[in-house]
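All values below were derived from every heavy atom in this structure, side-chain atoms included, with hydrogens, water molecules and symmetry-related copies excluded. Reminder, nothing fancy here: chain letters follow the sequence lines and each chain counts from 1. Being a predicted model, the structure only gives us computed values, none of them experimental.
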2 protein chains.
Amino acid sequence: MAPYTLRWGIISTGGIATTFAKDLLVDPATRDVSDVQHAIAAVGSRSVPSAEAFIAKLRSAGGASAHGVAAGALDKATPYGSYDEVFADPAVDVVYIGTPHPYHHPNAKAALLAGKHVLCEKPFVMDLAELDELIAIAKEKNLFLMEAVWTRFHPIAYAVQKEIHSGKLGRVRRVTAELSSYAHLDERADNDRMIDPKLGGGALLDLGPYPSVWSMLVLHQHPDNTDATPTVIDHNQRIYARNGVDELSAWTVRWDGLAESRILCDFTAWTPRDCAAVVDCENGQLVIEHPLYRPERYRILPHPSTVGQITEESVHHYPIPAGNGMHYEADEVARCIRDGRTESARMPLAESRVVQGWFDTVRKGGKSVLKDLVGNAGK
Amino acid sequence: MAPYTLRWGIISTGGIATTFAKDLLVDPATRDVSDVQHAIAAVGSRSVPSAEAFIAKLRSAGGASAHGVAAGALDKATPYGSYDEVFADPAVDVVYIGTPHPYHHPNAKAALLAGKHVLCEKPFVMDLAELDELIAIAKEKNLFLMEAVWTRFHPIAYAVQKEIHSGKLGRVRRVTAELSSYAHLDERADNDRMIDPKLGGGALLDLGPYPSVWSMLVLHQHPDNTDATPTVIDHNQRIYARNGVDELSAWTVRWDGLAESRILCDFTAWTPRDCAAVVDCENGQLVIEHPLYRPERYRILPHPSTVGQITEESVHHYPIPAGNGMHYEADEVARCIRDGRTESARMPLAESRVVQGWFDTVRKGGKSVLKDLVGNAGK
């Protein structure tokens with residue numbers, strides 16, 4: 001049977017949108033996928049030439065993306081000088097939103113209201129009220145909506161879950177997870193998205209989704225978990241004095257009856273390379289290496305003492321065969337839309353709500369200038 | 001020149017005192033020491049037979065301790081049925097205090113008042129007021145006083161400092177340090193010292209000294225540090241419901257103008273085996289393996305990105321050649337007393353005050369039953 005082709009409209013032409021679009025052009029066969037494939041139907045930017053330049057850049061990207069170019073996945077890509085034209089294009093099935101954080105809500109809302117399915121980059125939106133409004137519109141219009149947590153769809157994410165949820169390592173005691181990267185804040189312009197409060201700057205919203213992924217996969221989705229609303233039991237932020245955004249955010253989440261996760265994001269240091277996430281279990285430890293957004297191996301280690309049942313270190317490799325790895329989430333979107341589903345079972349809206357709720361708690365309880373932020377819900 | 005022999009009085013006959021006493025019997029030549037040596041002059045317990053049993057156990061310990069037995073280091077050891085008799089014995093130069101935490105202050109105070117030098121186990125005392133009283137007495141009577149932070153004297157401690165303080169790794173950005181060990185709290189009796197509030201139970205005082213060591217060595221003693229009173233900028237505790245002590249304590253210390261350290265102690269999980277302490281620096285990371293009280297190797301790692309100047313991992317071994325490693329601190333005590341010094345430059349009283357101050361802050365700001373503890377100063 002011929003694969004189902006999902007036709008994408010790409011919103012914004014920045015770095016993340018470029019990476020995503022290039023991944024759409026990777027041959028699905030490299031990842032053993034034959035039931036779905038992708039085409040780029042439209043690109044929206046602030047001007048037509050800018051959208052044209054984006055398409056031209058994709059056409060000459062080479063590497064794993066050359067496959068899609070040769071297969072015609074870009075042949076019908078229309079460059080638009082506005083986002084609204086993308087939302088209105090009947091050749092577009094689904095809109096990918098890669099704009100800066102504060103635009104996610106208005107962009108996704110406009111796309112949904114125009115009748116398009118939506119895949120929206122992380123952080124989903126600026127607060128839970130924005131998210132709930134998007135969810136309500138999607139339900140009302142029977143449209144697909146998903147947060148682009150690409151890491152959830154990587155082979156290693158399934159493998160880690162299988163390892164932990166099988167119980168082989170015994171009861172989970174703690175998940176420690178960190179995504180930090182030294183961001184040279186002092187060298188950035190005031191309007192750089194990493195530090196501009198108007199663009200939702202700060203470590204929490206930029207880095208926070210990734211350590212959260214692993215806590216959600218390992219603990220929230222654990223077969224023994226009965227806590228649908230795990231709570232933030234402590235949190236702190238360190239503020240970047242120049243402009244008042246958080247340069248560090250840390251919080252602890254408790255899943256009642258199961259375990260806790262300690263999460264850290266820091267713009268002023270690097271994640272411990274070997275130990276970006278550590279799942280401490282009764283019989284041993286599972287350690288995921290940096291970077292948490294795209295790790296390719298994990299290790300299982302004995303405990304420091306001799307009490308655990310694991311006695312030897314083992315290393316488990318899950319390389320991404322071609323491209324950067326955003327195509328896995330694109331495949332999920334294609335299958336859901338093909339099958340008439342409005343939500344992904346792998347990245348459910350209820351789980352996006354949980355993580356967005358953590359961000360709200362940490363932000364509102366901190367001292368950053370985003371402390372009193374109110375999103376655009378209702379506007 | 002014949003080595004100087006320091007004559008020890010050992011107070012208490014528990015596990016830590018046994019380990020310490022056995023280390024006193026290890027041949028100093030195994031660690032390339034020839035200027036000092038140790039003898040056990042007295043052992044104090046609740047009864048003479050118990051002190052005799054302790055001495056008999058040392059005599060038959062074998063292994064590296066057989067050297068001291070053969071060399072006569074136990075020949076003049078007097079068993080006493082009280083601590084006061086040890087303090088009064090003119091054959092004792094220095095008293096080693098290995099009693100449970102709340103007894104450190106009264107025991108050390110009595111020893112000092114009897115005119116003895118003192119080496120006191122960690123945590124030094126229960127609060128800063130207790131410590132300040134001991135310091136005042138020691139100064140007044142011109143006696144040596146030191147907290148038994150044995151790890152500070154290990155070869156690896158000097159090597160790590162040299163590595164970081166040399167500047168080869170560039171500016172330090174963060175020290176993350178954890179000592180956790182799954183302590184099976186539910187299986188312990190109410191009067192177990194790990195969980196009994198009356199014995200100063202909880203993770204903070206039991207485990208806290210060790211991650212603190214590395215923060216002090218790397219940051220407080222850093223040549224660029226100008227902050228003599230680094231402050232706790234955030235902290236949290238999780239309480240063990242059964243008896244109200246902390247099962248987890250976490251805090252962050254800021255050295256103004258230098259860097260921060262994030263410290264964690266947890267009785268309900270194990271330290272990440274590979275990454276007990278991570279010193280993130282401009283050019284790469286230095287990682288110390290579990291256990292932080294007695295690590296034997298560290299690694300230097302490139303950053304996760306390609307920005308650092310370190311490009312290859314290197315592993316650095318500093319094994320302790322014989323015994324458990326408490327003899328290094330004993331050697332320091334011997335040299336100080338031999339030379340008429342009342343304080344160790346390697347483990348100064350001012351630095352014990354810094355760490356004791358952190359414990360006070362974390363404890364008083366937490367919710368454990370030790371929150372409102374007032375020590376015995378003045379009593």
Side-chain angles (χ1 to χ4, degrees), chain A residues 170-176 178-184 233-239 247-248 250-252 254 259-260 262 264 266-287 289-292 295 299-305 307-308 310 313 366, chain B residues 170-176 178-184 233-238 247-248 250-252 254 259-260 262 264 266-292 295 299-305 307-308 310 313 366:
Chain A
R171 191 167 60 81
V172 184
R173 295 206 187 101
R174 188 178 70 192
V175 177
T176 309
E178 170 172 1
L179 181 66
S180 297
S181 63
Y182 185 62
H184 298 269
I233 58 169
D234 71 68
H235 54 87
N236 65 82
Q237 295 191 309
R238 197 175 68 217
I239 306 305
E247 60 183 23
L248 178 152
W251 66 100
T252 303
R254 175 180 290 164
E260 292 179 7
R262 302 183 73 84
L264 175 64
D266 186 353
F267 270 159
T268 66
W270 283 101
T271 308
R273 182 193 177 94
D274 287 9
C275 304
V278 180
V279 185
D280 185 65
C281 302
E282 203 171 2
N283 301 334
Q285 298 179 331
L286 186 148
V287 177
E289 297 183 355
H290 183 89
L292 283 186
R299 293 175 297 143
I300 293 181
L301 299 177
H303 281 142
S305 107
V307 297
I310 306 293
E313 176 170 349
Chain B
R171 192 167 59 81
V172 184
R173 296 206 186 99
R174 190 177 68 192
V175 176
T176 309
E178 171 172 359
L179 181 67
S180 297
S181 63
Y182 185 63
H184 298 269
I233 58 170
D234 70 69
H235 54 88
N236 64 83
Q237 295 191 307
R238 197 174 68 217
E247 60 183 22
L248 177 151
W251 65 99
T252 303
R254 175 180 290 164
E260 291 179 7
R262 303 183 74 83
L264 175 64
D266 186 353
F267 270 159
T268 67
W270 282 101
T271 309
R273 183 192 178 92
D274 288 10
C275 303
V278 181
V279 184
D280 185 66
C281 302
E282 202 172 2
N283 302 332
Q285 297 178 331
L286 186 148
V287 177
I288 304 168
E289 298 183 354
H290 183 89
L292 283 187
R299 293 175 296 142
I300 293 180
L301 299 176
H303 281 140
S305 107
V307 296
I310 306 294
E313 176 170 349

With respect to chain A, which residue among B/R254, B/R299, B/E282, B/E260 yields the maximal number of heavy-atom pairs within a distance under 4.5 Å?
B/E260
Taking all non-hydrogen atoms of both residues, which atom of A/H303 and which atom of A/C281 are closest, and how far apart?
NE2-O, 2.7 Å
For the residue pair A/R238 / A/T268, report whether a side-chain donor-acceptor contact shorter than 3.5 Å exists.
yes
Could you tell me which portion of A/S181 (side chain, backbone, both or neither) has an atom closer than 4.5 angstrom to a non-hydrogen atom of chain B?
neither
Just give me the residue among B/T176, B/D266, B/D234, B/T252 that pairs up with chain A most often, heavy atom to heavy atom, under 4.5 Å.
B/D234
How about A/P302 and B/R273: do any of their side-chain heavy atoms sit closer than 4.5 Å?
yes
Report which part of A/Q237 has an atom under 4.5 Å of a heavy atom belonging to chain B: side chain, backbone, both, or neither.
neither
Listed by chain and number, what are the disulfide (SG to SG under 2.5 Å) partners of A/C275, not counting sequence neighbours?
B/C275
The side-chain hydrogen bond (donor to acceptor under 3.5 Å, both in side chains) partner of A/D280 among A/R171, A/Q285, A/R174 is A/Q285
Using non-hydrogen atoms and a 4.5 Å limit, figure out which bit of A/V287 sits close to chain B: side chain, backbone, both or neither.
neither
Answer with side chain, backbone, both or neither: which region of A/P291 has an atom nearer than 4.5 Å to a non-hydrogen atom of chain B?
neither
